[in-house]
*Asks:* 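Input: one structure, supplied below.
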Amino acid sequence: MNLVVVSNRVSRGKPNEPMTGGLAAALLPIVEKSGAIWVGSSGRVRDGNQKEPFAEIEALGAGALAMLDLPAAHYGGYYEGFANSALWPALHSRADLIRASQEDYLSYREVNAFMARALLRFRKADAAFWIQDYHFLALGAELRDLGVSEPIGFFLHTPWPARSVIGGVPHHRELIEAMLAYDLIGFQTEEDCENFLSYAQSDLGLVVHDGVIISRHGRTRAAVFPIGIDPQQFAQLATKASTHPDVSRLRRSLNGEKLAIGVDRLDYSKGLINRIKAFDQMWTLHPSLARTVSLLQIATPSRGAIEAYGNLQSEVAKLVSDVNGMHGEVDWTPIRYLNKGYGQAVLAGLYRTAQVGVVTPLQDGMNLVAKEYVAAQNPVDPGVLVLSKFAGAANELDTALLVNPHDIDGMARTIAIALSMPLTERRMRWEAMMAKLRGHTIQQWFADFAEALRECQLDRNELAPVMPEPALWPLRSATTGGARYH
Ligand code: F6P
């Protein structure tokens, strides 16, 4: 299979380059090893009528990276507009933050159509397309309109919310109906998959049977593929990183003090405000913990042109400053707050230095920081992961200390427990989590998805002649339930 992987954000594979988010980091080793072509945005825009999309193509391990300049007239409406001001808040169950204009929606559709035209250039014999994330919900349908009949899969890295929440997105019916042009739609968790199937059945009135939706496009399988990491490679990075200057300086600066670490994009879904309030509460309730533990919070600026993100940046900065003002001493800063991004080669070492990893999103598709923190630990003296039960990772990493990120007192108590957890318990919990990471690696995730996509195509070819006429749809069936791979 000649795989064409498509995502908005790509990575050039430089370990020292800061990475924004989990998707780019996850796809990188897959492209490097499988020989796939990875197509995404160059981050630049281009004027003009874009009949011939401009692509910069470079080698990436055994694969290749093609970066496209997206159309200037539509980029803002697509990225800051519909993708990140309508879809992102809805997918993270923040219907109150949905903002979308008709122009934004049209720009989103234009960029999806533009990407579809650009992809024709990368079509080869035995090709299959694998589209990533909410930026390209309609890309499959655009490809089909251009006559592409090869298998097209889609994977959603974010959660998929309840029907009532996704129903708050303008044009939700049209968009979700367009998604059914995909042969296979992958989700992070059972709950996401169930929510999607329930929408297809109840809102679109379609037949859903055993995880397969029947629509005018044919059959679409919805299934669960929890994304993983390469734990072995990450552990090696962490060992190597111990001599990195940033990591050595951090260690020296601690002077025997313990460290908790949080690493997030500055995004309202990450629960930064509640996390900082929990530390505030912990130092208030346990004054003996002042000076004995500090928090290193890396909050990488993200989507700054969007009002909700600008507001969050100010709110977090003010809260950090208040907490430092309240609990700090002339020679001790409780929260080290950094507004920049780091490459994985440094992050791995920072994770290994911290006795506690705090990953407490209000809502998250998977959260690969949780998995990377675990993989980076020293097996003989591992740290403790404090993990939100609303991160997809909580389904697998159930021996982390699971917290409700809305319960600030509960989080404060749990962080204090993590800090004093005996070595035997830390090791037991860590070993159980490592076993899960080793069982569900990123390579396995890719292999499972590719295999399921191949099966979908076989099914489609076999069943095509017996499909009912479109005029007979929609029909209803009582059965939902996505297949689970893993
Ligand atoms: O699924 C979420 C995601 O695609 C991740 O890669 C990352 O968390 C984020 O969104 C990236 O966002 P952006 O490309 O807008 O910085």
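Quick note: residue numbers are just sequence positions, from 1. Order of listing sets the numbers, starting from 1, for every ligand and every atom in it.
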*Asks:* Looking only at distances, can you tell me whether any N or O atom of Tyr79, backbone or side chain, sits closer than 3.5 Å to an N or O atom of ligand 1?
*Replies:*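 There is such a contact, yes.
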*Asks:* Run down the list Ile227, Leu156, Asp133 and name the one with the heavy atom closest to atom 1 (O) of ligand 1.
*Replies:*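 It is Asp133 whose heavy atom sits nearest to atom 1 (O) of ligand 1.
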*Asks:* Considering only heavy atoms, does Phe155 approach ligand 1 within less than 4.0 Å through its side chain, its backbone, both, or neither?
*Replies:* neither
*Asks:* For ligand 1, indicate whether the residue Leu23 contacts it via side chain, backbone, both or neither (heavy-atom separation under 4.0 Å).
*Replies:*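 The answer is both, backbone and side chain.
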*Asks:* Before we go on, tell me: are the rings of Tyr309 and Tyr268 under 6.0 Å apart, centre to centre?
*Replies:* yes
*Asks:* Side chain, backbone, both or neither: which part of Arg265 comes within less than 4.0 Å of ligand 1 when only heavy atoms are counted?
*Replies:*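 Arg265 to ligand 1: side-chain contact only, backbone stays beyond 4.0 Å.
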*Asks:* Counting both backbone and side chain atoms, is some N or O of Arg303 under 3.5 Å from an N or O of ligand 1?
*Replies:* yes
*Asks:* Please confirm whether Gly365 approaches ligand 1 to less than 4.0 Å, judged on its heavy atoms.
*Replies:*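 No; Gly365 lies far enough from ligand 1 that no heavy-atom distance drops under 4.0 Å.
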*Asks:* Measure centre to centre between the rings of Phe187 and Phe196, then say whether the value is under 6.0 Å.
*Replies:* yes
*Asks:* Could you give me the CA-CA distance, side-chain angles and deciding distance for Leu180 and Leu206, then say whether side chain to side chain contact (heavy atoms under 4.5 Å, CB included) is met?
*Replies:* CA-CA 11 Å; Leu180 300 175; Leu206 296 171; 3.4 Å; yes
*Asks:* Just to be sure I read this right, does ligand 1 sit under 4.0 Å from the backbone of His157, its side chain, both, or neither, counting only heavy atoms?
*Replies:* both
*Asks:* Ring centroids only, cut at 6.0 angstrom: are Trp445 and Phe155 within range, meaning strictly under it?
*Replies:* yes
*Asks:* Does any N/O atom on Tyr134 come nearer than 3.5 Å to any N/O atom on ligand 1?
*Replies:* no
*Asks:* Per the side chain to side chain contact (heavy atoms under 4.5 Å, CB included) rule, which among Val320, Val323, Leu319 passes with Asp280?
*Replies:*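 Going through Val320, Val323, Leu319 one by one, the side chain to side chain contact (heavy atoms under 4.5 Å, CB included) with Asp280 is satisfied by Val323 alone.
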*Asks:* Would you indicate whether the side-chain heavy atoms of Leu139 and Phe154 approach each other to under 4.5 Å?
*Replies:* no
